[in-house]
Amino acid sequence: MCYSKIARMTVASVPLRVAELSMQVGAYLRFDVDPPCGLASNAGVIGNLDDPLSFYHPDHDRAGLLWFRCGFVEYAFPNPLPTGARPASLELSFEACSDAPNYDENLLSDITLWINDREVGTWTSPGDFGGRQGRYTPEWWSPRDTQFGLLKHWRVDGEGSFLDGERVSGTKIGDLAIPGQCFLIVGLGVKPDAVHVGGMNLFGSSFGDYPQDPQLRLAYSV
């Protein structure tokens, strides 16, 4: 399920509008994942653990946490760009970490972001975090397992792509081919040939330390 709103802002004397959308982690459009993997809602595990077919479960869109060893999940955010408007920047924020049996705070994993099939960059997650209850993680979830991640903020604008303010690639907003598209396709995953294949946990508002689902902000001029 996707939620959206539109606000106004001004940058360098140019009036911009900003559309904000959020997507539940279980509302993916496509996936290709390798075990260990799974899905959980605030009520319990969805389907069977370590079975990729569980990602087809009728209740998958209720997931507040998903995890896998390598592969990807892909989301279709409705494109809020009006006809004739020009995108200025796109921002994406989400909580994530590596994935280990139980948890391992020293397990590296290379987590890559794609937008409209264009690679934006890769973040090396420093670990899979546990040892204390995540602030929003349900009480039923085992204290021996992953509890929370790190909130990461990506930005693509006319200068390039940035992660938490640090430049990660030369991919620019114009490279994402946003105008004229019905959806913005956002992919997150771990390549099977990555330097660090350490899996991924992706958190929604009902798990982890941050009460948010993956959020996308698109700034544009009209």
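Keep in mind that this is a model prediction, so the values were computed, not measured.
Results of the side-chain contact (heavy atoms from CB on, under 4.5 Å) test with Y75 over L29, L21, V25 single out V25 as the only residue that passes.
In terms of modelled atom types and a separation under 3.5 Å, the side chain of Q147 and the main chain of G134 share a donor-acceptor contact. Between the side chain of S41 and the backbone N or O of A63, no donor-acceptor pair lies under 3.5 Å. Between the side chain of S125 and the main chain of S98, a donor-acceptor pair closer than 3.5 Å is present.
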Pair F203-Y136, side-chain contact (heavy atoms from CB on, under 4.5 Å): steps then yes or no:
CA-CA 10 Å; F203 300 80; Y136 298 94; over 6 Å; no
Step by step, work out the side-chain contact (heavy atoms from CB on, under 4.5 Å) result for L184 and N116.
CA-CA 6 Å; L184 305 179; N116 286 349; 4.1 Å; yes
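Between atom CG of residue D164 and atom NZ of residue K152 there is a gap of 4.0 Å, rounded to the nearest 0.5 Å. Taken from CD in E74 to CG in L188, the straight-line distance is 10.0 Å, to the nearest 0.5 Å. For the atom pair CE (M200) and SG (C97), the distance works out to 9.5 Å, reported to the nearest 0.5 Å. The line from CG of L216 to CD1 of I115 is 7.0 Å long, rounded to the nearest 0.5 Å. Going from atom CG of N201 over to atom CG of D99 covers 4.5 Å, rounded to the nearest 0.5 Å. Between the CG atom in N106 and the CG atom in L108 there is a gap of 8.0 Å [rounded to 0.5 Å].
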Please list, one pair per line, the donor and acceptor atoms closer than 3.5 Å that link side chains of residues 79-90 to other protein atoms, with sequence neighbours excluded.
residue: N79; atom: OD1; partner: L81; partner atom: N; Å: 3.0
residue: N79; atom: ND2; partner: I178; partner atom: O; Å: 2.8
residue: N79; atom: ND2; partner: Q181; partner atom: O; Å: 2.8

Let me check something: any side-chain donor-acceptor pairs from residues 42-51 under 3.5 Å, sequence neighbours excluded? List them with distances.
residue: D50; atom: OD1; partner: C37; partner atom: N; Å: 3.1
residue: D51; atom: OD1; partner: L53; partner atom: N; Å: 3.0

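In summary, the side chains of D128 and T146 do present a donor paired with an acceptor at a separation below 3.5 Å, with no hydrogens or angles considered.
Taking each heavy atom of V18 and R217 in turn, the nearest pair found is CG1-NH2, 3.5 Å. Of all the heavy atoms in W123 and P126, the pair that sits closest is CZ2-CD, 3.7 Å. Closest heavy-atom contact between E95 and D209: OE2-N, 2.9 Å. Minimum interatomic distance between A100 and L107 (heavy atoms only, all atoms of both residues): CB-CD2, 3.5 Å. The shortest non-hydrogen separation linking D34 to F68 is O-CB, 3.8 Å. Pairing each heavy atom of S93 with each of H153, the nearest pair is CB-CD2, 4.2 Å.
Taking the six-membered ring where tryptophan is involved, the planes of F94 and W154 are essentially parallel, since the angle between them stays under 30° and well short of 60°. Between F148 and F129, the ring planes lie parallel to each other; the angle is under 30°, not in the 30° to 60° tilted range.
D32 and R30 are not joined by a salt bridge, as no carboxylate oxygen comes within less than 4.0 angstrom of a charged side-chain nitrogen.
V197 places a side-chain heavy atom less than 4.5 Å from the side chain of R69.
Aromatic ring centres of Y56 and F31: separated by under 6.0 Å. Remark: aromatic rings of W114 and F72 are distant, center separation not under 6.0 Å.
Within 6.0 Å of the CZ atom in R155, the count of heavy atoms belonging to other residues, nucleotides or ligands exceeds 12. Remark: E159 CD is loosely packed, at most 12 non-hydrogen atoms of other residues, nucleotides or ligands lying under 6.0 Å away.
Remark: E119 engages K191 in a salt bridge (Lys or Arg N to Asp or Glu O under 4.0 Å) (not counting sequence neighbours).
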